[in-house]
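Just so you know, residue 1 is the first one in the sequence shown, and it goes up from there. We count ligands from 1, going down the list as the structure has it; atoms in each ligand are counted the same way.
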Amino acid sequence: MSNLVILGAQWGDEGKGKIVDLLSEDADVVVRYQGGHNAGHTVKVGDVQTILHLIPSGILHPGKMCIIGQGVVVDPKALLDEIAYLEEKGIQVAGQLLVSERANLIMPYHRAIDKSNESHRGEKKIGTTGRGIGPCYADKMSRIGIRLCDLLETELFAERLADNLQNFNYILSKLYNLPELKFNDIFNEYQEYGRQLQQYVADTSLYLADALAAGKNVLYEGAQGTMLDVDNGTYPYVTSSSCCVGGSLTGSGVGIRGVDNALGIMKAYTTRVGEGPFPTELLESTGEFLRKEGNEYGATTGRPRRCGWFDAVVGRYAVRTNSLTGVCITKLDVLDKLPVIKICTGYRVGDELLHEFPASLTKLRKVEPVYEEMPGWQCSTVGTQSEADLPAAARTYLARLEELLQCPITIVSTGPKRDQTYIKTKMI
Ligand code: GDP
Ligand code: IMO
Ligand code: MG
């Protein structure tokens with residue numbers, strides 16, 4: 001038995017979906033533990049591409065139970081749309097999906113507040129996905145959130161919705177000059193969602209406890225990434241949830257015995273979408289090359305992703321804050337044509353040399369990456385499935401990353417498809 005957390009070790013979009021799909025073959029249960037439909041996880045099997053936002057990437061494997069845990073914020077319309085999208089593709093969801101009764105719901109006022117907050121921030125915006133994620137988590141922490149189990153109790157739902165609307169309509173109309181939201185519209189719309197989702201709602205913490213006790217393999221799927229984590233990330237340019245390994249426990253409702261290993265997913269370079277510090281960002285032609293070669297456009301919003309060199313300071317930080325037991329390097333093939341590849345090993349701020357990621361935004365604005373240069377391999381690694389088949393320069397690059405990260409590289413991804421992968425150790 002082995003239970004594995006798979007999480008992003010940079011700023012999201014590292015290729016978590018591909019690796020979760022791949023390793024789901026050896027799992028019995030796959031759990032999403034945080035975030036919401038701000039995530040976009042792309043899975044490619046043969047020539048068929050599937051983009052998942054809320055449902056775990058294990059859903060493409062028949063017979064695996066997929067769980068949306070209590071740490072996830074659920075937009076019921078987005079979830080129902082995703083179920084319909086999968087079923088249209090012939091992927092069975094009924095009987096293979098459970099949603100935690102404790103999961104908080106994204107309400108229409110969360111979306112409205114998210115968008116208004118962003119537009120009022122102007123230059124200082126975070127660059128959120130506009131899906132209502134932050135305001136929903138804020139309500140959860142303020143203890144005024146509405147959970148899936150609350151939606152299923154009509155009177156309680158009506159009471160909580162009325163209380164919240166009183167508050168949010170005041171903010172929307174007085175602060176943002178927006179029309180007030182109508183109780184009846186939301187009440188009726190959400191009652192219908194509740195009716196359609198009822199079959200999936202369960203005590204998923206209990207389900208997981210039973211699965212773990214029976215010796216089943218559980219795979220925990222993180223969304224976003226370590227540097228977007230609300231505690232560990234580049235605050236305030238983060239998402240509002242706990243993407244790191246700690247979130248896998250609270251977000252699934254399991255204790256410390258529920259996890260054995262943590263696999264951090266890192267691209268062979270770095271990307272970020274939205275605003276905020278990004279020390280190795282390349283604003284010139286190499287950045288554009290990475291965006292083109294890596295097809296770096298957001299799966300959720302379509303925004304171009306900011307691109308830069310691999311940052312070993314970030315990587316080491318992710319290894320430490322998650323106690324990673326393995327690293328998966330994705331998109332190695334994107335570097336195939338480059339004559340020279342750089343790795344950031346530290347930051348310079350004036351006369352000071354930093355080896356740890358600073359918390360201070362002022363410092364982060366001033367950091368200059370210190371680079372090490374390595375020769376590129378300039379031949380195709382697409383689809384390579386073994387270390388021996390990799391060009392020598394690619395092996396040297398990976399060995400240097402491993403040395404800098406101080407964590408074993410257990411998987412290398414060489415293309416978007418399931419089988420375009422070199423697996424050293426499966427970890428589940
Ligand atoms: P996630 O949010 O971490 O699941 O990552 P995304 O799905 O948002 O972004 C990763 C993108 O890279 C997707 O389009 C994947 O199909 C693609 N991808 C994943 N691994 C590889 C790889 O090794 N090589 C290439 N070229 N593309 C990959
Ligand atoms: P996956 O799971 C990359 C970013 C947004 C913004 C910040 C806050 O596909 O890796 P939010 O809407 O969450 O309040 O936005 O977080 N962001 C992501 N960036 N990948 C994601 O998910 C992201 N989810 C949110 O761009 O900068
Ligand atoms: Mg993504």
Exercise for the section: Enumerate the atoms of ligand 1 whose separation from the nearest heavy atom of Arg305 is less than 4.0 angstrom. Expected result: 8 (O), 9 (O)

Exercise for the section: Verify the distance test for Ala39 against the Mg ion (ligand 3): any N/O/S atom under 2.8 Å, yes or no. Expected result: no

Problem - Region of Tyr237 engaging ligand 2 - heavy atom pairs below 4.0 Å - result: neither

Handout entry: Leu228 and ligand 2 - part of the residue with a heavy-atom distance under 4.0 Å
Key = side chain

Exercise for the section: Could you name each residue pair satisfying ring pair (Phe, Tyr, Trp, His ring centres under 6.0 Å) that touches residues 95-141, not counting sequence neighbours? Expected result: Tyr109-Phe168, His120-Tyr176

Problem - Those atoms of ligand 1 less than 4.0 Å from some heavy atom in Gly17 - result: 4 (O)

Handout entry: Contact atoms of ligand 1, heavy-atom distance to Lys18 under 4.0 Å
Key = 20 (N)

Problem - Gly8 to ligand 1, any heavy atom closer than 4.0 Å - result: no

Exercise for the section: Under 4.0 Å, heavy atoms only, figure out whether ligand 1 is touched by the backbone of Asp333, its side chain, both or neither. Expected result: side chain

Completion exercise
If you compare Gly132, Gly8, Gly127 by their heavy atoms, the one closest to atom 5 (C) of ligand 2 turns out to be Gly127

Practice task
Provide, to 0.1 Å, the distance between atom 11 (C) of ligand 1 and the closest protein heavy atom, together with that atom's residue and name.
Solution key: Lys331 NZ, 3.6 Å

Problem - Heavy-atom nearest neighbour in the protein, as seen from atom 2 (O) of ligand 1, with distance rounded to 0.1 Å - result: Gly40 O, 2.9 Å

Exercise for the section: Check if Gly12 has a non-hydrogen atom at a distance under 4.0 Å from any atom of ligand 1. Expected result: no

Handout entry: Arg272 to ligand 2, any heavy atom closer than 4.0 Å
Key = no

Practice task
Could you establish whether Gly40 and ligand 2 come within less than 4.0 Å of each other, counting only heavy atoms on the residue side?
Solution key: yes

Practice task
Assign the ring pair Phe357 / Tyr347 to parallel, tilted or perpendicular, where the plane angle (0 to 90°) is split at 30° and 60°.
Solution key: perpendicular

Handout entry: Protein contact of atom 23 (O) of ligand 1 - nearest heavy atom, named by residue and atom, plus distance
Key = Ser413 OG, 2.5 Å

Problem - ligand 2 versus Val238: contacting region, heavy-atom distance under 4.0 Å - result: backbone

Handout entry: Proximity to ligand 2 by part of Arg303, non-hydrogen separation under 4.0 Å
Key = side chain

